[in-house]
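The figures that follow rest on heavy atoms only: side chains count, while hydrogens, waters and symmetry mates do not. Both counts, for ligands and for their atoms, begin at 1 and track the order of listing.
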Amino acid sequence: MKLKILLIEDHEQNRYLASFLLEKHGYAVVSAADGRTGIELAQTIKPVLILLDIQLPLMDGYAVARELRRDPALRGIPIIAVTSYAMVGDREKSLAAGCNGYLEKPINPDSFVREIERFLPPKQKGEPHDPSLDSR
Ligand code: MN
């Protein structure tokens with residue numbers, strides 16, 4: 001069975017690119033376009049990792065992360081913040097809200113999956129990684 005990654009992202013093109021890259025590496029991607037839907041999906045599908053856009057409508061990613069962290073059943077799931085707000089303090093705010101890591105947009109297709117897999121235990125990684133596919 002494929003490992004599930006939950007992607008909470010309101011921008012369709014970003015969802016498309018992230019899903020494409022992750023599916024290519026053997027993951028199943030479940031997407032949500034807003035935080036509330038994302039939290040409900042996290043509780044239902046129990047993903048191995050959550051990718052969380054910070055700039056979301058209605059409820060921002062920090063609020064989503066804090067709510068995810070309040071659920072004991074979800075506490076062990078790594079949350080990676082993904083944001084184009086490359087501002088001083090964003091990383092700290094993400095970590096303070098309960099995220100385990102932080103990636104800046106735009107997504108780099110050559111390193112995206114590898115960066116995410118740093119947050120997964122070895123047994124939860126997708127297909128074996130081929131170093132020849134890495135960026136040079
Ligand atoms: Mn967004």
Scan the side chains in residues 12-19 for donor-acceptor partners under 3.5 Å anywhere in the protein, sequence neighbours excluded, and list what turns up.
unit_1 : atom_1 : unit_2 : atom_2 : d
R15    : NH1    : E9     : O      : 2.9
S19    : OG     : R15    : O      : 2.7

Original post:
So which pairs with a foot in residues 36-59 pass salt bridge (Lys or Arg N to Asp or Glu O under 4.0 Å), sequence neighbours left out?
Top reply: R36-E67, D53-K105
**OP:** For A42 and L68, work out which heavy atoms get closest and say how close.
**Re:** CB-CD2, 3.7 Å
Original post:
Looking at I45 and K4, what are the two nearest heavy atoms and their distance?
Top reply: O-NZ, 3.4 Å
Original post:
Can you name the nearest heavy-atom pair linking I80 to Y102, along with the distance?
Top reply: CG2-N, 4.1 Å
Original post:
Does I77 have any side-chain contact (heavy atoms from CB on, under 4.5 Å) partners at least two apart in sequence or in another chain, and if so, which?
Top reply: P47, I50, L74
Original post:
Can you list the protein N, O or S atoms less than 2.8 Å from the Mn ion (ligand 1)?
Top reply: D10 OD1, D53 OD2, Q55 O
